**Q** 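I am attaching a structure below and will ask some questions about it afterwards.
These figures come from a predicted structure and were not determined experimentally. Chain letters run A, B, ... following the sequence lines, proteins first and then strands; every chain starts at 1.
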There are 2 protein chains.
Amino acid sequence: MKRPTIADIARRAGVSKGAVSYALNGQPGVSEATRQRIVAIAQEIGFNPNSAARALSGASARAVGLTLCRPARILGIEPWFMGLISGFEAELSARSYALTLQVVATPELEVEVYRRWWGERRIDGVIVTDLRENDIRIPVLQQLQLPAVVIGGPGETGKIAQIWSDDAGAITEAVRYLVALGHRRIARVSGLPGLLHTQARTKAFNDTCSSLGLEAVTVPSDYTGEEGSRATRRLLIDTDRPTAIIYDNDVMAVAGLAVAQEMGLAVPGDLSIVAWDDSPLCSLVHPPLTALTRDIAEYGAHAARELLASIDGKEVGNVEAGTAHLTPRGSTAPPR
Amino acid sequence: MKRPTIADIARRAGVSKGAVSYALNGQPGVSEATRQRIVAIAQEIGFNPNSAARALSGASARAVGLTLCRPARILGIEPWFMGLISGFEAELSARSYALTLQVVATPELEVEVYRRWWGERRIDGVIVTDLRENDIRIPVLQQLQLPAVVIGGPGETGKIAQIWSDDAGAITEAVRYLVALGHRRIARVSGLPGLLHTQARTKAFNDTCSSLGLEAVTVPSDYTGEEGSRATRRLLIDTDRPTAIIYDNDVMAVAGLAVAQEMGLAVPGDLSIVAWDDSPLCSLVHPPLTALTRDIAEYGAHAARELLASIDGKEVGNVEAGTAHLTPRGSTAPPR
DNA sequence: AGAATTTACTGAACCGGGTAAGTTGTGGTG
DNA sequence: CACCACAACTTACCCGGTTCAGTAAATTCT
């Protein structure tokens, strides 16, 4: 079961290896007739260039890397990452780049993986998610000169490309909407406080609330359902409990809905709920959740495009993707 | 920013390339003193062997492939695949194998990807999910002699390793449990009917019901929330509606719960719900769902181990992983 | 002590593509 | 007709590891 090489094609076509290489890569140096003959033979015997050999002589491994740094139990139900991966894939497979994945436990291990992948020339670039304050990954990427695109800013990344969405605008829209409905006590259950986009959201939430003369209560959480439930309970046992809660992801919002139901509170009558990121999960539950919708797959595709441009040596700066917009559903209404 | 090679190490250590290779790979042929000197230098300059060069001369690409063939919108919220991926990773990264991922639209494209990956020597083996009747992927894998492990049987795969769980036993347990609670009209919303494990479950469900003198109603669905809702509505508008429904995955079960609530039926009072696969999703909703629990990550790790054994040339047969067991929660009770 | 074996290396071929440099052969031009 | 330009190749080396055959020195055996 020997897999065919260009030498096999060359022998059958009666030309040299070099000619075959030129022919298959669309390089000048062979006549059109010869090129077609060679291409036909390659087709016929099912030739695929050995990616290792290619990577060894050329430069590109035609693969990009993605590390997922969240506990395994949350990875499973967070629609976010899979949506992102689908988006990457759409762009990468169109340019026949492979996606190499690794699940890691800590940012330190993530850095190790980047070093190894780059050292092994396994990948041409990486997609970095969950940008943090003073993120330890950024200096390493700069030192290695490893092409990268960072999702989850904006933050300080030097020359490394970034892509982010205008979370501030979205959260302002959500707060204004709730206020228009008549809510005055609006709380928020946030994602991991160490992440930069969480901080951006918190700042925007605080600013919007104070400009409207409202108190801004944010309970930090970690995107998991358990923590989302806990945070919701803490908010709802308060005598002066909020009439609306904005959650930083859909999983926590669903968990919050269950807590409200368990406590005998009607949604949306006693409590309005807004989820950030509108996965099918939001429409699955009853009542369906009002959500801040954005096209996650398109976000991922955008990031992949930027990364490929950066790998091609093009200058890429900071790009803002589309803003999330409010999709009102059954979980929001004027407070009783 | 040139990445170091064994030639760099050889020069600094004053030995030949070959000696460095022996030293770093633990091969005999160098003295212990020299080996330690070489390893120290490699450490110091941060050497990583170029995986392309290694793959070119050796044989192994030290990577395995996984294709995901489900529509993007369902991939996002199905905890199943991410759980599986976490499991693979645990095993693969321990043996420093990379995981290469591709999202595809159809089994035909899946086959194309296998051919290309194998032709390019990008991977050493693949993990095949969602085994179907007369699966077109099996003959291709056999023809290519591409090491593989198949998840989702049992089915006819010749010499290709398989791993499956005893779905029949689990579904029997669920039906018996519901009958013991007093249910007599039990329905089931299944996954894609083309998949072999769906058929195995359907058969077991039918057998168990008929042995207990019950009518077995299975509505085929496709694992998505939308279809799960539709199937549930179809079942619940019946005058002789079931008092319990078993769903083939958690996403459809959650959707079914929402439909029941929307129709004013109390869960579990008017309708009991059992989900297959116990992701955190099941505990998130209210009431929390009774589920057929199995350790998906362990299932994935098991599959990865089998695949690596098969890549190492060991004979692997059909392996049965642990049976799912019933985890009773708030969504099941005696019918009113 | 001399032969046989073992140890610790070196040198070179090899994997399968990419590509710069060299070699034909053809046609056009002055 | 000599000369040049250019197309259409071939040749040969490169990438960075692995591995096998060969060699000199050290050790063991008789």
**Q** With rounding to the nearest 0.5 angstrom, report the OG to CZ distance, B/S93 to A/R116.
**A**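 It is 8.0 Å, given to the nearest 0.5 Å.
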**Q** What's the closest nucleotide to the side chain of B/T5 if the choices are D/dG17, C/dG17, D/dC9?
**A**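 Looking only at side-chain atoms, B/T5 lies closest to D/dG17.
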**Q** With nearest nucleotides of DNA chain C determined for B/R37 and A/P49 from heavy-atom distances, which residue corresponds to the more 5′ nucleotide?
**A**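 In this pair, the answer is B/R37.
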**Q** Polar atom pairs between nucleotides 21-26 of chain C and protein, under 3.5 Å, N or O only, would you list them?
**A**
none

**Q** If the helix axis at each end comes from five base pairs, how far does the helix from C/dA1-D/dT30 to C/dG30-D/dC1 deviate from straight, to 10°?
**A**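 End-to-end axis angle for the helix from C/dA1-D/dT30 to C/dG30-D/dC1: 50°, rounded to 10°.
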**Q** Just so I know, are the side chains of A/T129 and A/L66 near enough to count as touching, which here means a heavy-atom distance under 4.5 Å?
**A**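 SC-SC contact between A/T129 and A/L66 confirmed.
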**Q** Quick one: CD1 on B/I160 to CD on B/Q145, what's the gap to the nearest 0.5 Å?
**A**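 So the CD1 of B/I160 and the CD of B/Q145 are separated by 10.5 Å.
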**Q** Output the single nucleotide from D/dC9, D/dG17, D/dT10 whose closest atom is nearest the side chain of A/V30.
**A**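 So the side chain of A/V30 is nearest to D/dC9.
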**Q** How would you label the contact of A/V20 with the nucleic acid (heavy atoms, under 4.0 Å): base, sugar-phosphate, or nothing?
**A**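 Contact class for A/V20: none.
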**Q** Is B/S21 touching bases, backbone alone, or none of the nucleic acid, heavy atoms closer than 4.0 Å?
**A**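 If one applies the 4.0 Å heavy-atom cut-off, B/S21 turns out to touch a base.
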**Q** Once rounded to the nearest 0.5 Å, what's the spacing between atom CG of B/L101 and atom CD of A/E89?
**A**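 Reported value, rounded in 0.5 Å steps: 5.5 Å.
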**Q** Kindly point out which of D/dT18, C/dT10, C/dG16 is positioned nearest to the side chain of A/L56?
**A**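 Of D/dT18, C/dT10, C/dG16, C/dG16 is nearest to the side chain of A/L56.
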**Q** Does NZ or CZ of A/R294 lie under 6.0 Å from the centre of the six-membered ring of A/Y299, at an angle within 45° of the ring axis?
**A**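 Here A/R294 passes the 6.0 Å and 45° test against A/Y299.
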**Q** Given atom CD of B/Q27 and atom C1' of D/dT18, what is their separation to the nearest angstrom?
**A**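 Whole-Å distance recorded here is 9 Å.
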**Q** Between the base of C/dG17 and the side chain of A/K17, is there any donor-acceptor pair under 3.5 Å?
**A**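 A donor-acceptor contact between them is present.
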